[in-house]
Amino acid sequence: MSSDGPVRQTTFKRNGHVNFFLRCLQALPASGTSQDANRITIAYFCLSGLELLGALEDKTTAQQRDAWIEWIWSLRSPNGGFGGSTFMITTSNANTSPGHLPSTYTALLCLAILRAPLDRLDVPGLVSFLRSCQGQDGSFSPLPRSQSEGDFQSDLRMTYCACAVSSIISDFSGINVDAARAMIRQCRTWEGGYAARPGIIEAQGGTTYCAMASLKLLEADGKADSTEDHEETLRWLLQRQIGGFQGRPGKLEDVCYSFWCGGALSILGRSDLLDAQSDRTFLLSAQYPFGGFGKEPEDPPDPYHSYLALAALSMHEPAAKEHALGLKSLVPTWNVSEESAKWLRGEISRIKALKYPA
Amino acid sequence: MQHGVKRTHLSGAAAEAKNARNRLLLEKYVALEETVLQKRRRKEYTRDALEITNELLDMNPEYYTVWNYRRHILRGLFPTLSDEKKVQILGNEIRLTTSYLQVNPKVYWIWNHRRWCLESIPEGPDGSEGWKNSFWKIELELIEQLLRLDPRNFHAWGYRRTVIAGLPKSFPGQSSPRDEIRFTTKKIESNFSNFSAWHYRIQLFTGIWRSMTAEAVEGEKREEFDFVRQALWTDPADQSAWLYHRWLIGTDSDEDTLKSEVKSIRELHETEPDSKWCMNALAHYERMLSATSSEVSSNSCADAVALMARLEEIDPQRISRYRDWVAEVK
């Protein structure tokens with residue numbers, strides 16, 4: 001056995017990644033138990049990853065996809081949202097089987113990726129679910145406020161999920177938009193980036209993406225908020241590139257920040273300012289020899305980093321096909337392929353016209 | 001997902017044995033989970049139930065519904081217990097979360113449970129705040145330990161803020177914002193590259209200065225410029241101090257402050273000609289200067305643009321950004 005460790009990857013290991021996601025859809029190793037309550041989100045990483053790789057239809061069967069679709073529908077909570085895993089929704093009582101905001105976001109995207117007809121979707125239920133998650137200060141909890149203890153974990157990640165779900169169902173009536181915007185503004189730090197919550201914590205790549213994406217999605221309600229100047233945010237994001245991207249000043253590169261920071265830059269319309277070549281080199285070097293991506297080179301892979309690395313690479317795809325990796329293009333605000341986003345918009349229109357005619 | 005755990009390459013029998021162990025672990029986990037959820041559905045708020053949640057949390061401390069269930073059990077048990085007994089049980093809960101935090105210092109659910117325990121400590125013994133004081137002492141020690149291990153753990157910083165804000169009135173050693181600033185000074189002096197400490201310092205001064213006169217604030221800012229200058233000269237490659245300096249300058253520094261800071265940084269630049277932070281700062285401040293005074297305007301501008309050209313060479317990753325900046329200036 002060589003003592004040098006794995007050689008840094010430079011070629012794109014497409015088949016390895018496809019097989020990695022397929023394996024994860026079957027089962028995760030014991031190290032994945034901490035994610036047991038979040039299976040729908042793991043499913044989203046795998047399905048969206050396979051789709052970006054163009055492998056979803058070829059490498060999965062219609063029966064498998066139908067079974068997954070049924071499983072996702074079984075995650076619906078009586079209160080309108082979706083739970084994270086089967087055992088999170090065990091009763092018909094909304095109090096003991098509440099919807100979970102991030103899981104609701106990822107469940108909707110999974111259904112879209114699988115092209116599941118959405119006739120069973122309770123759109124008014126989703127709207128009231130969102131409403132039940134928002135607090136007086138404009139922040140959102142992962143569970144309905146009645147289930148949550150205090151303001152615990154009500155941070156920008158939840159705001160993003162609420163904005164994304166509203167955008168997907170094309171209905172912002174479940175959100176107090178002004179309060180949400182005010183909360184986002186309060187999360188901005190002196191650095192120009194955005195922290196998870198107002199107060200003393202540092203701005204971070206992930207929550208800065210959540211802020212930028214949320215603000216962009218909230219523009220859809222017709223009231224664009226152009227008062228905020230994002231020059232400092234832009235500068236902060238660009239400073240995060242050190243080859244790949246770091247999450248905060250002084251920290252190490254981590255592939256997920258290539259998406260969080262790269263995605264935020266794309267939303268700001270300034271992807272032209274980052275160094276795509278350096279980022280691509282770092283991302284490819286973080287590939288695990290047998291597929292998937294770890295957070296950094298030589299780390300074992302997991303679905304979260306694997307998917308976000310591909311999402312970041314997708315945003316770097318050059319126009320010239322001969323230099324491209326063959327990844328589908330992505331909508332940075334929803335974090336799903338353009339094809340699935342388009343299908344989802346169409347399907348939501350269809351069921352709304354059918355079930356809830358104006 | 002386990003970050004930073006290196007996978008070793010096993011072959012043949014060793015790999016089989018590892019798979020077998022994995023399978024057993026997963027079977028045990030699934031069985032345990034079913035038992036816990038059953039008890040929860042039946043609203044069993046007993047000692048036994050508490051024990052079982054322990055076992056499950058040992059395997060998966062991120063299972064938030066189980067933490068919720070645990071609190072329901074405790075709330076169910078408490079009315080029947082004396083305050084002494086409650087304190088003993090809360091002490092166990094704190095110890096449990098301590099052991100989990102050593103391994104998982106960034107899991108929200110664990111911090112949350114600990115916070116709940118603190119909030120649940122009764123008054124006493126005998127109308128004093130004795131119990132609260134001893135728990136709070138432990139909190140401050142834990143936070144100190146975690147920050148020593150990872151000075152950038154924002155969960156620990158955030159939790160510290162909560163703990164400080166909730167200090168019992170009789171706790172020895174109150175912590176006012178000024179005391180907290182001294183705390184950041186200590187952290188910074190032990191390691192200048194401590195972005196989280198500089199960051200916290202900014203939050204504290206922002207709060208304190210809000211209620212002071214402009215003159216008093218200017219006086220303190222001058223002291224802060226002296227303080228940060230030491231860090232800049234000690235390690236010009238570390239960005240934390242540069243960012244702090246930039247915050248001090250802000251958007252409306254007067255011409256004299258700008259000029260004196262530019263002068264000081266130029267001296268540093270002479271000893272560190274390739275310091276990208278130096279050059280970034282100089283360019284930014286020269287640009288600000290050129291906006292304040294017409295006599296320095298064209299010189300400052302030219303200096304700034306020249307610095308950007310040099311930055312393109314030593315920091316090629318941000319070449320597009322620097323060109324963009326120059327285009328804006330022109």
Side-chain angles (χ1 to χ4, degrees), chain A residues 1 5 27-38 87-88 90-91 96 142-143 147 149-150 152-153 155 189-191 195-197 199-204 234-235 238-239 241-243 248-251 254 270 272-275 278-279 288 294-296 298-305, chain B residues 1-7 9 11 21-23 25-26 29 33-34 37 40-41 59-66 68 71 104 107-109 111-112 115-116 119 152 154-155 157-158 160-161 193-196 199-200 202-204 206 238-240 243 247 250 316-321 323-324:
Chain A
M1 191 165 74
L28 293 178
S31 59
T33 30
S34 62
Q35 296 307 311
D36 198 28
N38 290 320
F87 49 81
M88 305 306 284
T90 52
T91 67
T96 47
L143 302 171
Q147 298 284 312
E149 295 175 1
F152 161 63
Q153 230 196 124
D155 58 41
T189 72
W190 59 274
E191 307 153 87
R197 285 192 60 70
I200 72 146
I201 50 182
E202 301 167 39
Q204 196 249 34
L234 182 63
R235 187 175 161 270
L238 290 170
Q239 293 285 9
Q241 180 162 27
I242 51 175
R248 292 182 275 163
K251 303 277 269 171
D254 176 337
R270 296 313 309 262
D272 59 307
L273 295 180
L274 66 79
D275 183 344
S278 287
D279 194 36
Y288 202 72
K295 100 169 168 174
E296 56 192 19
E298 295 176 37
D299 264 20
D302 61 68
Y304 166 84
H305 289 100
Chain B
M1 300 294 135
Q2 302 213 334
H3 282 220
V5 174
K6 301 276 182 267
R7 184 175 283 181
H9 293 276
S11 57
R21 275 199 302 279
N22 238 328
R23 267 198 302 276
L25 268 174
L26 289 170
Y29 176 78
E33 180 185 49
E34 189 40 52
L37 292 176
R40 179 173 161 251
R41 272 194 292 270
M59 294 189 84
N60 182 8
E62 297 201 39
Y63 202 144
Y64 62 87
T65 39
V66 178
N68 271 342
R71 284 188 290 276
N104 302 286
V107 175
Y108 287 97
W109 316 110
W111 286 107
N112 185 53
R115 192 177 290 122
W116 178 85
E119 286 164 10
R152 302 300 299 277
F154 62 69
H155 292 264
W157 282 99
R160 185 194 155 81
R161 198 81 199 102
S193 172
N194 191 338
F195 182 86
S196 299
H199 173 86
Y200 187 30
I202 288 175
Q203 313 289 57
L204 292 163
T206 304
D238 176 62
Q239 61 174 184
S240 320
L243 292 168
W247 170 76
Q317 222 146 68
R318 268 161 282 276
I319 210 174
S320 311
R321 167 59 177 175
R323 291 194 178 155
D324 201 63

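These numbers were taken from a predicted model, which means no experiment stands behind them. The sequence lines fix the lettering, A, B, ..., with proteins before strands; numbering per chain opens at 1.
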Can you tell which part of Glu33(B) gets under 4.5 Å to a heavy atom of chain A, answering side chain, backbone, both or neither? side chain
Could you tell me whether Glu202(A) and Arg197(A) have a side-chain N and a carboxylate O separated by less than 4.0 Å? no
Can you give me the closest heavy-atom contact between Ser196(B) and Arg248(A), atom names plus distance? OG-NH1, 4.3 Å
Between Pro61(B) and Asn104(B), what is the shortest heavy-atom contact and its length? CG-ND2, 3.4 Å
Chain A contact via Tyr200(B) - side chain, backbone, both or neither, heavy atoms under 4.5 Å: side chain
If you count heavy-atom pairs under 4.5 Å between each of Val107(B), Thr206(B), Ile202(B), Thr65(B) and chain A, which one has the most? Ile202(B)
Considering only NZ, NE, NH1 and NH2 on the basic side and carboxylate oxygens on the acidic side, decide whether Arg270(A) and Asp324(B) come within less than 4.0 Å. yes
For Gln239(A), is it the side chain, the backbone, both or neither that has a heavy atom under 4.5 Å from a heavy atom of chain B? both
Would you mind checking which part of Gln317(B) comes under 4.5 Å of any heavy atom in chain A, side chain (CB onward), backbone (N, CA, C, O), both or neither? both
If I measure from the heavy atoms of chain A, does Arg152(B) come under 4.5 Å with its side chain, its backbone, both, or neither? both
Which of the residues Arg323(B), Arg23(B), Gln239(B) is involved in the greatest number of heavy-atom pairs with chain A at under 4.5 angstrom? Gln239(B)
Give the ring-plane orientation class for His155(B) versus Trp111(B), where under 30° counts as parallel, over 60° as perpendicular and anything between as tilted. parallel
Nearest heavy-atom contact between Leu243(B) and Pro249(A) is CD1-CG, 4.2 Å
